[in-house]
There are 2 protein chains.
Amino acid sequence: MSHTLGVRQAQKLKTRRALLDAALRLLEDQSLSSLGLREVTRLVGVAPAAFYRHFRDMSDLGVALVEESLGSLHAMVRVILAERDGDEERIEATVEAVAEHVSRYPAHIRFIARERHGGVRAVREAIAAELGRFADEVAEAFAPPLTADGWSAGDVRMLAQLYVDHMVMTATAFLEARPGDGSADPEAVREVAATARRQLLLISLGRRHWRTG
Amino acid sequence: MSHTLGVRQAQKLKTRRALLDAALRLLEDQSLSSLGLREVTRLVGVAPAAFYRHFRDMSDLGVALVEESLGSLHAMVRVILAERDGDEERIEATVEAVAEHVSRYPAHIRFIARERHGGVRAVREAIAAELGRFADEVAEAFAPPLTADGWSAGDVRMLAQLYVDHMVMTATAFLEARPGDGSADPEAVREVAATARRQLLLISLGRRHWRTG
DNA sequence: AAAGTCGGCGAACGGTTGTTTACTGAATGA
DNA sequence: TCATTCAGTAAACAACCGTTCGCCGACTTT
C-alpha cells in the first residue's frame, strides 16, 4: 500500500522545500544569525506567518539544513571508503570526489563551513555531532589493518579526525577557488587539488612510518 | 619630542578601545553580520552616533578586529619558529603555546574562527590575507633544510599551509573544550592537546620521509 | 454530502535598526 | 585670551523586524 502522499501533504512538503532552498540561496551571502524570517518568505512568495507552519524559528530551519547538507556528503564518504586500491589511488579518488561534490552542492558546503563556528548554538552542535559521526565511520574503516600493526584506538581516532578535518578544509578551499558568481577558476581549482593531494600523501607517508621507523 | 598624545586624542583612543572591546565581547555569542551598531554603543554607554567618529560601519570595525586578533598570534608564531630544538620538542612548545594563547585571548580566537568563513566579505578577505602571510613566514622558516633535501618551493608551501591550517584547527578545538561561561574543562583540554601533538608528530614523520622512502 | 482539518493569508502590534541633523562644550593652538 | 576644532549628544526618520490573531477555502475523512 504505497500511499503516494495526499495532495495536501505534498503541497506542504513543496513549500517546505521552497523555504529551505530560498534560505540556502540567501545564505550564500550572509550568515544564519543575520538571515531574517521575512527575507526567506519574501523570496518564496509566501506570507511571513506561513513560516511557522514548517519551522519554529530560524535556528530550527538551520538544523534541518545541516542534516540535508551533510546527508549528501555522508553518501560520498561511504563510497570513498569502499575504494580498495592503494594509497595514491585512494587519494586521487578522494580529492576528485570532494571537488565534484563542491561543484555540485556549493551552497551546502558554504553553509557548513560558515555555520560550523557560527553564531547559532543549535546549528553548531548539530554540525559537530555529524562530523563526529563521520570521524567514527572513518576510524572504523581504517581500524582493521592499523590495529593489526599495533595502533591504539586513540591513535586511530586521531588519524580519522585529521582526515575528516582535512576533508572539510579541502572542500572550503575548493569553494574559495571560485568567484562569487558561480563559475570556477580552473587554474585555482587545479592548484587546490594538487595541494590537497600532496598533503594527503604526506599524511599517509607519516601513517606508514607511525611508531615503526 | 615625544608628544605623549594630547588629552583629546587619548580620550578618543580610549572610547575606540571600548568600542572594540564591547564588540569583541558581544561577538562571543553571535556573528558579526548580526551584530548591531546600537548594541555596541549601548554596552559602551555612548550615543549611537558616536560610533561614526571611529568606524564607517560594522565591517570596518571587523577589519580592525582582525588586525588586532591576528597581531598577537603573529608574535606567538615568530617565537615558536625561533625554537631550534628537534621535532618533538618543537611540537611540544607549539601546542603549549597555542593552548596558552587560546586561554589568554579566547574572544580573539573565537572571532577569527567564526568570521574566517563568515558573512562579511571584507573581514573574510582580511583574515585570508593575514593567514596567507603566516603561511609565507612558516614556509620561509622551514625552507632552508628542506630545499637542501631537494624539496620544491611548491612542496614547502603546501607543508606550511598544512601547519597553519592545523594550528587554526587546534586553536578552535581548544576553544570548544571550554564551556560557554569561560572556565575550561581540564580533561578535555588535555585530550585536545594530546590529539594535536600526535597529529603534528605524524605530519613531521611524513615530512622526514617525503620522497626519500 | 456534511463535518472537520489545516496550510496559507492579511493585518496589526510593539520594538529595534542604521543614519542624519543641529547642537554643546571642553581641549586646542594662535 | 579668543577663535577654532571636534568627540560625543539628543532627537527624529523611515524602514524593517518577529510574532500573534482571526479568517478563509481547499483538501480529507466520515
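Quantities reported herein were computed from a predicted structural model and do not represent experimental measurements. Here is the naming used below: chain letters follow the sequence lines, and residue numbers restart at 1 for every chain.
Look at A/Glu130 and A/Arg133 and you find a salt bridge, because one of the NZ, NE, NH1 or NH2 atoms lies within 4.0 Å of a carboxylate O, short of that distance. Using a cut-off of 4.0 Å between Lys/Arg side-chain N and Asp/Glu carboxylate O, B/Arg116 and A/Glu176 are scored as not salt-bridged.
Spacing between atom NE2 of A/His54 and atom P of C/dC6 amounts to 14 Å, rounded to whole angstrom units. Put simply, CG on A/Leu32 is 12 Å from P on D/dG18, counting in whole angstrom units. As rounded to whole Å, 16 Å separates atom C1' of C/dA26 from atom NZ of B/Lys14. As rounded to whole Å, 13 Å separates atom C1' of C/dG10 from atom CZ of A/Arg53. We find that CZ of B/Arg38 is positioned 13 Å from P of D/dA12, with the value rounded to whole Å. The CG-P distance, from A/Leu37 to C/dC9, rounds to 13 Å in whole Å. Atom-to-atom, CG of B/Leu26 to C1' of C/dT16 comes out at 15 Å; the value is rounded to the nearest Å. Note: CD (B/Gln9) to C1' (D/dG8) measures 16 Å, nearest angstrom.
Applying the 4.0 Å criterion to OP1 and OP2 of C/dG7, one finds that A/Thr15 has every side-chain N and O outside that range.
In this structure, B/Arg78 places its CZ atom where only 12 or fewer heavy-atom neighbours from other residues, nucleotides or ligands lie under 6.0 Å away.
Using a 4.0 Å heavy-atom distance criterion, A/Tyr52 is classed as a base contact. Contacts of B/Arg42 with the nucleic acid, taken as non-hydrogen atoms under 4.0 Å apart, involve only primed sugar atoms and P, OP1 or OP2.
Relative orientation of the B/Tyr105 and B/His101 rings is tilted, given thresholds of 30° and 60° on the angle between their planes.
For A/Arg8, counting side-chain heavy atoms from C-beta on, the closest listed nucleotide (C/dC9, C/dT19, D/dG25) is D/dG25.
Comparing B/Ala49 and B/Val7 against DNA chain C, the residue whose closest nucleotide sits nearer the 5' end is B/Ala49.
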